[in-house]
Amino acid sequence: GMTAGVGRIPILSGQDGAVISSAGGDENGGELAFGFALARAADRDGDMLPDLLVGAPASLYGGTDSGGMAMIGSQSGLRLGTIQGTSPNDRLGHAVATWGDQTGDGIEDYVAGAPGFSAIAGPGVGVAVGFSGPPARRARAYFGKTAGDRQGEALATSIDIDGDSVPDLVIGAPGHDEATMTDIGKIEIWSSAAIRPRYTLVGGKSGQRFGAAVAALGDIDGDSRGEVLVGPPGDLNLLAGFSAVLPAPNPAALGPLPAAIAEGSLGGSGSGPYDLFFTNESSGGVDRTVNVAVGEDLDYSMLQPLANG
């Protein structure tokens with residue numbers, strides 16, 4: 001048997017569920033929580049098939065919960081490379097994502113979140129680290145701002161959101177505080193062509209943990225810009241939680257809300273796409289739309305849905 005907590009990934013056929021290959025964490029290296037985070041990666045082993053980026057945030061490489069990640073051949077299950085965390089409690093590999101070729105070397109780059117990373121600002125600032133290669137080398141780092149931000153707890157890469165024609169990186173920092181509010185959370189949206197976040201979207205109340213989960217949706221409203229889904233699991237006032245969608249930046253005019261809209265439906269109002277679209281899943285109603293400018297910090301708050309009738 002394997003060492004408890006190491007983890008193993010079976011790679012299954014989408015056609016019949018048969019196991020194609022499998023890969024496990026390195027027991028000798030204490031590669032705990034192997035498989036905690038996964039991302040599809042471009043072919044690295046020459047078999048013309050996508051490979052797999054695997055996070056192992058509880059690994060012991062650099063001390064307890066220092067973390068790490070590995071590149072795995074999807075068909076062979078063979079390990080193609082490993083990056084080891086270097087400091088206790090960093091939890092490198094808590095989230096992983098690929099991000100196209102940002103360095104111009106012809107090889108797909110990838111990003112790993114280390115939400116436990118500590119810096120001068122204090123413990124748990126967090127960081128998302130971009131890597132290029134092979135050989136793997138750190139290309140860029142996106143640090144949290146204050147203690148407890150947990151920057152990099154969630155990651156996603158999206159088609160172009162800000163209009164500069166390159167893919168963007170979405171980083172969640174659910175532990176972020178503002179003034180007297182704690183753990184309201186935030187997301188940052190980065191372009192490789194910019195030296196600061198193109199957008200910063202901040203949660204609205206304590207304990208919301210906005211940015212604990214993020215996902216890229218592609219272009220769902222036909223405006224040739226990407227949309228992003230953000231989860232705030234700590235919003236206890238909504239029975240089933242809600243989601244915020246950040247679609248196209250800066251339409252010239254934000255159209256009025258339609259009189260009625262079905263739960264979960266997304267898109268334009270006829271006169272323009274929504275910049276920010278909140279859906280209250282417990283009521284099925286649209287709560288708020290907000291226009292967002294590039295580089296602008298936005299605080300949002302939920303409006304109570306109108307009663308039917």
Side-chain angles (χ1 to χ4, degrees), residues 89-91 94-95 113-129 141-156 161-162 168-191 194-215 228-247 249-250 254 274-283 285-305:
N89 303 314
D90 276 1
R91 289 189 63 84
H94 186 98
F117 173 80
S118 297
I120 296 175
V125 170
V127 62
V129 185
Y142 305 87
F143 295 96
K145 302 299 187 296
T146 58
D149 269 4
R150 295 192 62 79
Q151 178 99 330
E153 185 159 311
L155 298 171
I161 296 172
D162 62 353
D168 295 319
L169 174 67
V170 184
I171 306 174
H176 180 70
D177 300 337
E178 289 274 332
T180 60
M181 295 184 293
T182 59
D183 291 342
I184 64 174
K186 70 173 182 177
I187 64 168
E188 293 179 350
I189 297 180
W190 285 83
S191 167
I195 61 173
R196 58 180 56 89
R198 298 294 282 163
Y199 297 94
T200 300
L201 183 62
V202 182
K205 54 188 172 184
S206 291
Q208 204 162 53
R209 302 194 71 243
F210 184 79
V214 295
V228 178
L229 187 65
V230 186
D235 196 331
L236 302 179
N237 292 329
L238 300 176
L239 296 178
F242 71 92
S243 299
V245 180
L246 179 63
N250 310 319
L254 186 66
Y274 300 124
D275 268 53
L276 190 62
F277 182 73
F278 293 104
T279 300
N280 180 346
E281 298 294 347
S282 61
S283 70
V286 175
D287 293 303
R288 191 177 181 188
T289 59
V290 183
N291 202 26
V292 188
V294 171
E296 176 185 7
D297 285 357
L298 172 70
D299 291 344
Y300 74 86
S301 58
M302 294 297 294
L303 304 180
Q304 293 298 318

**Q.** For the student: nearest non-hydrogen atoms of A147 and A121, plus distance
**A.** CB-O, 3.6 Å
Q: Compare all side-chain heavy atoms of Y142 with those of L169 and state whether any distance is below 4.5 angstrom.
A: yes
Q | Closest heavy-atom pair and its distance - P174, R150 | A | CD-O, 3.7 Å
Q) Taking all atoms of both residues into account, what is the closest heavy-atom pair of G152 and A95, and its distance? A) O-CB, 3.7 Å
Q) Do the side chains of I171 and L155 get nearer than 4.5 Å, heavy atoms only? A) yes
Q) Taking all non-hydrogen atoms of both residues, which atom of V125 and which atom of G144 are closest, and how far apart? A) CG1-O, 3.2 Å
Contacts under 3.5 angstrom, residues 179-187 side chains, donor-acceptor by atom type, not counting sequence neighbours:
residue	atom	partner	partner atom	Å
K186	NZ	E188	OE2	3.1

(Q) I want to check something: taking the side chain as every heavy atom from C-beta on, are D149 and H176 in contact at a cut-off of under 4.5 Å? (A) yes
Q | Verdict with supporting geometry, V202 and E178, side chain to side chain contact (heavy atoms under 4.5 Å, CB included) | A | CA-CA 9 Å; V202 182; E178 289 274 332; 3.7 Å; yes
Q: Supply the atom-to-atom distance R198 CZ to I161 CD1, rounded to the nearest 0.5 angstrom.
A: 11.0 Å
Q: Might you point out which heavy atoms bring A154 and A212 nearest each other, and give the distance in Å?
A: CB-O, 3.5 Å
Q: Enter the distance from K145:NZ to Q151:CD here, rounded to the nearest 0.5 Å.
A: 6.0 Å
